[in-house]
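A quick note: this is a predicted structure, and the numbers were derived from the prediction, not measured.
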Amino acid sequence: MKALEIKKNVYWVGGIDWTLRNFHGYSTKSGSSYNAYLILGEKKILIDTVKEYLFDEMLSRIESVCDPASIDIIVSNHTEMDHSGSIEKLCRIAKNAVVMASPNGEKGLKKHFFGDLNIKPVASGETLDCSDHKLQFFHMPMVHWPDSMATYCPEKKILFPNDAFGQHIASTERYDDEMDFGFVKQEATKYYANIVLPYGSQVNAALGALGGLDFDIIAPSHGLIWRKHIPEILALYKKWSDNETENRGVIVYDSMWHSTERIAYALYDAFCEKKIFAELSDLKTNDISDLMTKILEARYIFVGSPTLNNGMLPTVGGFLTYLKGLAPKKRVGMAFGSYGWGGQSIGQIETVLKDSGFAMLDSIKVQYVPDKAVLKGITERVTKLL
Ligand code: FEO
C-alpha cells in the first residue's frame, strides 16, 4: 500500500478500517480511518500512528516513501489506542525514534504500553526546530482526553489536530472536496455529538489558541482531510462549542402497548402546529449515537417511557445514561409516559433531565391508554409552551 503526498514531502500513511461498525458504542456505519502523517526532511517525523491491527498497512505506506527504521520522531498527539496502538511496534523498528507527547500523554503512554519508549514531554506552545521543518505543539486538554494536543507545521501550513475535526469515514477519497459535503458534514456532526460534545469550553479555548495560526490544511486523525471546507468546519465547531441550538425538537421514546407512543405523536402534533421542525425517534429502531447527532442542534428534547417494574424501559435508561454523559447544554426538556399503577418512570426521566441541567416543561403522565380527548389536550397544552 502506498503513501499519499498531501503537500511536498508530507504524506498520509494511515490505515483504513473498512469493517468497523462500532467504536465503543458509537455506531460507525461508514467505518473509519486512523490517519498518520509522515514529514520527510532533515528529520523524519511521524505524526500519530494507527490501531495495532492496522500496523502492517501503515508500515507498508511508510515503506513506499522511506525506510521506517530511519524515523527520528514520533509525535503522539493523543494516547487513545486508535492513534498510539502502533507506537510500540514501530519503535522496535525505528530504534532511535523519540516519542513526543504532552506531559499527560507521556503518563498515558507509560500506563498503556509499560515498555521502554523514549518519550520526551513537550510544553504547550513549545516549538521543535528540525531545521527545514518546525513543529509547534498546542495542548488541548479534554479535547477529548487530558493528554490531547495539536501539532502545527508552519512551513507546510498544516494543522494536525488529532481527533478534533474528525469524522468516522472509511474511504478511498482523502479530501473533504472529493466526497459529498453533506455526507462529510453529517459524519463530522455525529463525531462532535458523540465524542466532543461534553467539552465545549475546552473546544472554545482550543479554537482561540489555534485560530491565529496560518494553515490551509486541517489533517485530523479520522476521516477526510479538510482543504476546501475549512471555514465551514471551524464555524460549526464554534457553533457547537457555544452550545448554540436551533428551534427544533427531538421526541425520544419507547413504548410497550403504544400508549407512550400516542403521547409522543400528540407532542409531535404540537411542534407541527407551531411549524417547528421535530423528529420522532422510537428507541426500538433508532441507534443512540444517531440520536445524539439529531440532538446536537435541537433545543427541545422530550423523553418518554411507560413504567415497567417501577422504572423506565431499559432502552430509555440506556439512552438517558448516554445523554447525561454527553451533557448537551441550553436545552428544554420534558418527561412523558403512560403507566398502569406505579408511574415511576416519568419522575425518573424528569430527574435525569433536570440533573443534566435542562430547563423542564411540566411532565405528561397518562394512566393506561390516552383517548382522543386526552391527546388533543396534550397537543393544545404543549403548543402553547413552544
Ligand atoms: Fe480517535 Fe480519542 O481517539
For [X] and [Y], take the angle between the two ring planes, folded into 0 to 90°, and tell me which bin it lands in: parallel under 30, tilted 30 to 60, perpendicular over 60.
X      : Y      : answer
Phe23  : Tyr34  : tilted
Phe271 : Phe302 : tilted
Tyr26  : His168 : perpendicular
Phe160 : Tyr37  : tilted
His78  : Trp145 : perpendicular
Trp341 : Tyr368 : tilted

Indicate yes or no: at least one non-hydrogen side-chain atom of [X] is less than 4.5 angstrom from one of [Y].
X      : Y      : value
Ile364 : Val382 : yes
His258 : Tyr265 : no
Asn286 : Phe319 : no
Tyr152 : Leu210 : no

Exercise: do [X] and [Y] side chains pair donor with acceptor under 3.5 Å:
X      : Y      : answer
Asp82  : His222 : yes
Ser102 : Asn104 : no
Glu297 : Trp240 : yes
Asp163 : His144 : yes
Ser27  : Ser289 : yes

Quick one: [atom1] on [X] to [atom2] on [Y], what's the gap to the nearest 0.5 Å?
X      : Y      : atom1 : atom2 : result
Leu38  : Ile74  : CG    : CD1   : 10.5 Å
Ile62  : Leu90  : CD1   : CG    : 5.5 Å
Ser171 : Glu187 : OG    : CD    : 10.5 Å

Checklist entry - What residues join Phe277 in its hydrophobic cluster, counting side-chain heavy atom gaps under 4.5 Å, either direct or through other members? => result none
Checklist entry - Which other residues end up in the same hydrophobic cluster as Met1, if Ile, Leu, Val, Met, Phe, Trp and Tyr are linked when side-chain heavy atoms come under 4.5 Å apart? => result none
Transitive ILVMFWY side-chain link [X] to [Y], under 4.5 Å:
X      : Y      : answer
Ile288 : Tyr300 : no
Met256 : Ile251 : no
Phe55  : Leu20  : yes

Distance-only donor-acceptor pairs under 3.5 Å for side chains of residues 43-50, two or more places apart:
{"residue": "Asp48", "atom": "OD1", "partner": "Asn77", "partner atom": "N", "Å": "2.9"}
{"residue": "Asp48", "atom": "OD2", "partner": "Asn77", "partner atom": "ND2", "Å": "3.2"}
{"residue": "Asp48", "atom": "OD2", "partner": "Asn162", "partner atom": "ND2", "Å": "3.0"}
{"residue": "Thr49", "atom": "OG1", "partner": "His83", "partner atom": "O", "Å": "2.5"}
{"residue": "Thr49", "atom": "OG1", "partner": "Ser86", "partner atom": "N", "Å": "3.3"}

Checklist entry - Any salt bridge (charged side-chain N to carboxylate O under 4.0 Å, His left out) pairs touching residues 59-81, not counting sequence neighbours? => result Glu57-Arg61
Checklist entry - Given Glu246 and Lys239, is the salt bridge (Lys or Arg N to Asp or Glu O under 4.0 Å) satisfied, shown in steps? => result CA-CA 11 Å; Glu246 308 275 345; Lys239 177 184 180 183; 2.5 Å; yes
Could you tabulate the donor-acceptor pairs under 3.5 Å formed by side-chain atoms of residues 306-317, not counting sequence neighbours?
{"residue": "Thr307", "atom": "OG1", "partner": "Gln344", "partner atom": "N", "Å": "3.3"}
{"residue": "Thr307", "atom": "OG1", "partner": "Ser345", "partner atom": "N", "Å": "3.2"}
{"residue": "Thr307", "atom": "OG1", "partner": "Ser345", "partner atom": "OG", "Å": "2.8"}
{"residue": "Asn310", "atom": "OD1", "partner": "Gln344", "partner atom": "NE2", "Å": "3.1"}
{"residue": "Thr315", "atom": "OG1", "partner": "Asp254", "partner atom": "OD2", "Å": "2.6"}

Would you say [X]'s side chain and [Y]'s backbone share a donor-acceptor pair under 3.5 angstrom?
X      : Y      : value
Glu126 : Ala123 : yes
Ser64  : Lys2   : no
Asn243 : Lys330 : no

Item to check | Residues that Glu5 engages under salt bridge (charged side-chain N to carboxylate O under 4.0 Å, His left out), provided they are two or more places apart | outcome: none
